[in-house]
Amino acid sequence: MKELEKGDEEEDESEESLEYGIGTYVYMARKPMDLKKFNAYCRTLHEKVIRTKGIVWFQMDNEGMYVFEQAGKQFECYQADNWIAAYPKKEREAFIKDHPDILKDWDPVWGDRMVKLVFIGQNLDKEGIKKDLDACLA
C-alpha cells in the first residue's frame, strides 16, 4: 500500500471535484444589497448550490454586518456585529491600530463594508450567480 505523500490528499480531492463537478465561487461587491431583491434571489438558489456562507451589507443598515448561510433549500441571515467603519471614530481607530491587517480590504469610502459570499456546488454557473447577485445590488 502506498503511503500518502504531502500533497496527495489535495490531488485526490481535486480528482473527486473534477469527477463530480464540485467547485467554489466567491462573489464580492462593495455596494449594499437590496434586502427584498436578495431575499427573492435566496428563494431561487439553484439546486446545484450545495452550500453558501458569507457576509452581507444591506442598504437599509449601514452599521450592521449580516452573516448569510445556506444549505440546500434552507437559508438564514442574521446580524452578527457592526462594521468597523460604523464604530465611533476613537473606537474605530483603536481597532485598526490593534488589527492593522483589516486595512488590506479597507475601501476609502465604505471601510470594511462589503458583500462576500462563498458558494460551493456542483457545476456552478458562476456567471449566472454573479449576474443574479449584481441585480440585487442597491
Side-chain angles (χ1 to χ4, degrees):
M1 180 177 202
K2 177 186 165 199
E3 277 188 48
L4 281 179
E5 295 176 12
K6 188 172 182 149
D8 283 351
E9 273 186 58
E10 288 99 15
E11 288 177 25
D12 289 342
E13 288 175 7
S14 65
E15 286 173 17
E16 287 177 0
S17 295
L18 289 173
E19 181 179 346
Y20 297 106
I22 303 295
T24 61
Y25 171 64
V26 178
Y27 175 84
M28 284 191 65
R30 284 293 185 162
K31 293 181 179 179
M33 290 280 173
D34 177 285
L35 179 60
K36 288 181 183 178
K37 290 177 184 178
F38 183 73
N39 191 40
Y41 167 77
C42 292
R43 297 187 186 290
T44 64
L45 277 174
H46 195 276
E47 63 186 30
K48 293 189 178 190
V49 175
I50 298 166
R51 182 96 163 92
T52 308
K53 189 167 185 174
I55 56 173
V56 185
W57 167 27
F58 289 112
Q59 178 185 28
M60 84 302 182
D61 186 356
N62 272 330
E63 292 188 11
M65 174 193 301
Y66 291 80
V67 172
F68 176 78
E69 298 181 275
Q70 170 268 329
K73 292 183 179 184
Q74 297 180 332
F75 63 90
E76 177 180 25
C77 193
Y78 55 91
Q79 185 175 354
D81 203 348
N82 283 338
W83 298 105
I84 305 306
Y87 285 13
K89 186 177 179 180
K90 285 186 179 186
E91 288 180 43
R92 182 175 61 245
E93 289 172 348
F95 185 91
I96 291 170
K97 183 179 177 186
D98 291 341
H99 304 89
D101 55 317
I102 196 170
L103 294 176
K104 70 180 179 183
D105 288 327
W106 197 266
D107 181 83
V109 175
W110 300 112
D112 58 334
R113 295 177 184 96
M114 70 175 79
V115 176
K116 186 174 185 180
L117 297 167
V118 179
F119 292 82
I120 301 170
Q122 187 176 33
N123 302 316
L124 290 173
D125 177 8
K126 297 174 184 181
E127 290 175 15
I129 292 170
K130 179 176 179 1
K131 180 182 166 211
D132 291 345
L133 285 172
D134 283 350
C136 296
L137 295 172

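From a predicted model like this one, the values you see are computed outputs, not experimental measurements.
- The aromatic rings of His99 and Phe95 sit parallel to each other, their planes meeting at less than 30°, with 60° as the upper class boundary.
- Atom CG of residue Asn82 and atom CG of residue Asp61 lie 7.5 Å apart, to the nearest 0.5 angstrom.
- Across Ala85 and Arg113, no two heavy atoms sit closer than the pair CB-NH1, 3.5 Å.
- Contact detail for Thr52 and Val49: the closest heavy-atom pair is OG1-CG1, 3.4 Å.
- Remark: Lys130 NZ to Phe119 CZ distance equals 12.0 Å, nearest 0.5 Å.
- Taking both residues in full, the closest heavy atoms of Leu133 and Met33 are given as O-CE, 3.7 Å, listed atom of the first, atom of the second, then distance.
- Tyr78 and Met65 end up in different hydrophobic clusters when Ile, Leu, Val, Met, Phe, Trp and Tyr side chains are linked at under 4.5 Å.
- Across Gln122 and Ile50, no two heavy atoms sit closer than the pair N-CD1, 4.3 Å.
- When Leu117, Val115, Ile55 are each tested for a side-chain contact (heavy atoms from CB on, under 4.5 Å) with Phe68, only one passes: Leu117.
- Under the 4.5 Å side-chain contact rule for hydrophobic residues, Leu45 and Val67 do not share a cluster.
- No side-chain donor-acceptor contact under 3.5 Å links Glu63 to the backbone of Ala86.
- Minimum interatomic distance between Lys37 and Leu137 (heavy atoms only, all atoms of both residues): NZ-O, 4.3 Å.
- Contact between Tyr87 and Asp81 at its shortest, heavy atoms only, is OH-OD2, 4.0 Å.
- Residue Trp83 holds its CH2 atom at 6.5 Å from CE of Met114, rounded to the nearest 0.5 Å.
- The hydrophobic clustering, which links ILVMFWY residues whose side-chain heavy atoms are closer than 4.5 Å, places Met60 and Tyr41 together.
- Although no hydrogens or angles enter the test, the distance criterion places a donor-acceptor pair under 3.5 Å between the side chain of Arg30 and the main chain of Gly111.
- Side-chain N or O atoms of Glu91 include none that pairs as donor or acceptor with a backbone N or O of Glu93 at under 3.5 Å.
- Ring orientation note: the planes of Phe38 and Phe58 are nearly perpendicular, at an angle over 60° on the 30°/60° scale.
- Distance check, rounded to the nearest 0.5 Å: CG of Asp107 to CG of Asp112 gives 10.0 Å.
- Here CD1 of Ile22 is found 9.0 Å from CD1 of Ile120. Values are rounded to the nearest 0.5 Å.
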side-chain hydrogen bond (donor to acceptor under 3.5 Å, both in side chains) between Asp134 and Tyr27, worked out: CA-CA 9 Å; Asp134 283 350; Tyr27 175 84; 2.7 Å; yes
Side chain to side chain contact (heavy atoms under 4.5 Å, CB included) assessment of Arg43 paired with Phe75: CA-CA 9 Å; Arg43 297 187 186 290; Phe75 63 90; 4.0 Å; yes
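- Taking CD of Glu69 as the reference point, atom SG of Cys77 lies at 9.5 Å (rounded to 0.5 Å).
- Taken together through direct or relayed side-chain contacts under 4.5 Å among Ile, Leu, Val, Met, Phe, Trp and Tyr, Met28 and Ile84 form parts of separate hydrophobic clusters.
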